[in-house]
Amino acid sequence: MQPYFLNVDLEIESASKLDSLATELGKRVVVLHSGPASKPRRHLLVLESSRQHRGPDATIHALCSAVQRLSPASRRVWNAARREFDVGYELRPSERSSRFTLRADTLERMAGLGASLAVSYYQGDT
């Protein structure tokens with residue numbers, strides 16, 4: 001049984017403020033957090049796609065498309081930051097383990113943008 005897909009968060013952490021990046025990405029994303037990171041003198045921007053997508057592959061591709069449309073100045077900010085796509089799943093109460101896959105083209109696209117992949121599992125309600 002596949003885990004229940006929740007969302008993909010795009011987490012960007014930088015020494016510089018990231019407000020301009022959020023502004024340029026505009027309506028293609030929803031800003032979940034923009035402000036200080038947990039580390040001193042670091043800034044964190046957490047986004048997700050503004051549209052619902054069928055699964056993590058489509059969601060990651062939509063976020064990659066938004067990043068690839070950035071201006072050269074914003075791409076420099078992007079390139080200087082730590083970038084991570086965090087795929088969120090909910091484990092159902094009956095699940096003791098879980099498994100999912102991402103397509104090779106999705107992994108290549110993320111890697112081409114210099115981003116890493118994280119997976120977060122959340123315990124479902126009983």
Side-chain angles (χ1 to χ4, degrees):
M1 179 175 180
Q2 288 279 330
Y4 179 73
F5 170 67
L6 296 171
N7 63 357
V8 177
D9 293 342
L10 175 53
E11 298 181 4
I12 306 162
E13 185 181 296
S14 177
S16 61
K17 290 189 176 183
L18 298 165
D19 300 334
S20 62
L21 209 59
T23 300
E24 191 172 334
L25 289 167
K27 294 181 181 182
R28 293 182 296 267
V29 299
V30 173
V31 175
L32 302 174
H33 175 81
S34 181
S38 59
K39 298 176 187 170
R41 295 184 297 279
R42 301 290 291 178
H43 302 273
L44 180 64
L45 178 62
V46 182
L47 312 165
E48 60 183 29
S49 178
S50 60
R51 294 184 49 226
Q52 286 292 108
H53 300 278
R54 286 183 86 80
D57 288 293
T59 307
I60 291 168
H61 279 284
L63 289 166
C64 287
S65 292
V67 169
Q68 289 171 326
R69 290 187 193 110
L70 290 172
S71 67
S74 290
R75 279 303 287 266
R76 285 190 291 277
V77 172
W78 168 267
N79 289 334
R82 178 191 64 79
R83 301 143 332 247
E84 182 176 272
F85 290 88
D86 186 354
V87 182
Y89 284 96
E90 180 180 324
L91 283 174
R92 298 209 169 95
S94 62
E95 292 177 311
R96 294 177 55 84
S97 66
S98 187
R99 179 181 186 277
F100 76 98
T101 60
L102 292 175
R103 296 187 319 249
D105 64 309
T106 303
L107 296 169
E108 288 171 0
R109 198 161 183 195
M110 286 186 329
L113 290 173
S116 59
L117 172 68
V119 179
S120 295
Y121 282 99
Y122 301 95
Q123 186 64 50
D125 294 332
T126 54

- Using the ring-ring contact (aromatic ring centres under 6.0 Å, His included) rule, take Phe100 and Tyr89 through it: C-alpha gap first, then chi angles, then the decisive distance, then the call. CA-CA 10 Å; Phe100 76 98; Tyr89 284 96; 4.7 Å; yes
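A side-chain donor from one of Arg109 and Gln68 sits under 3.5 Å from a side-chain acceptor of the other.
Considering only heavy atoms from C-beta on, Leu107 comes within 4.5 Å of Leu117 through its side chain. Between Val87 and Leu6 there is no side-chain heavy-atom pair separated by less than 4.5 Å.
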Using distance only, find each side-chain donor-acceptor pair of residues 25-36 under 3.5 Å and give its atom names and separation, not counting sequence neighbours.
{"from": "Arg28", "atom 1": "NH2", "to": "Glu24", "atom 2": "O", "distance (Å)": "3.4"}
{"from": "His33", "atom 1": "NE2", "to": "Pro36", "atom 2": "O", "distance (Å)": "3.3"}
{"from": "Ser34", "atom 1": "OG", "to": "Asp19", "atom 2": "OD1", "distance (Å)": "3.2"}

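Between the Arg83 side chain and the Glu11 main chain, no donor and acceptor come within less than 3.5 Å of each other. Checked by atom type and distance alone, the side chain of Thr106 never pairs as donor or acceptor with a backbone atom of Leu102 at under 3.5 Å. A side-chain donor-acceptor contact under 3.5 Å links Trp78 to the backbone of Leu113.
Rounded to the nearest 0.5 angstrom, His53 NE2 and Ile60 CD1 are separated by 11.0 Å.
Nearest heavy-atom pair, Ile12 versus Ala81, reported as atom, atom and distance to 0.1 Å: CG2-CB, 3.6 Å. The two residues Ser74 and Leu21 have their closest heavy-atom pair at O-CD1, 3.5 Å. Residue Leu63 comes nearest to Leu10 through the heavy atom pair CD1-CB, 4.3 Å, listed as atom of the first residue, atom of the second, then distance. Across all their heavy atoms, Ala15 and Arg42 have their closest contact at N-NH1, 3.3 Å.
In the hydrophobic cluster analysis, where Ile, Leu, Val, Met, Phe, Trp and Tyr join through side-chain heavy atoms closer than 4.5 angstrom, Leu70 is grouped together with Phe85. In terms of hydrophobic clustering, with Ile, Leu, Val, Met, Phe, Trp and Tyr side chains grouped at heavy-atom distances under 4.5 Å, Met110 and Val67 are assigned to a common cluster. A continuous path of hydrophobic side-chain contacts links Leu47 to Val119 [ILVMFWY only; heavy atoms under 4.5 Å].
In terms of the side chain to side chain donor-acceptor pair (under 3.5 Å) criterion, residue partners of Asp105 (sequence neighbours excluded) are, by chain and number, His61, Arg103.
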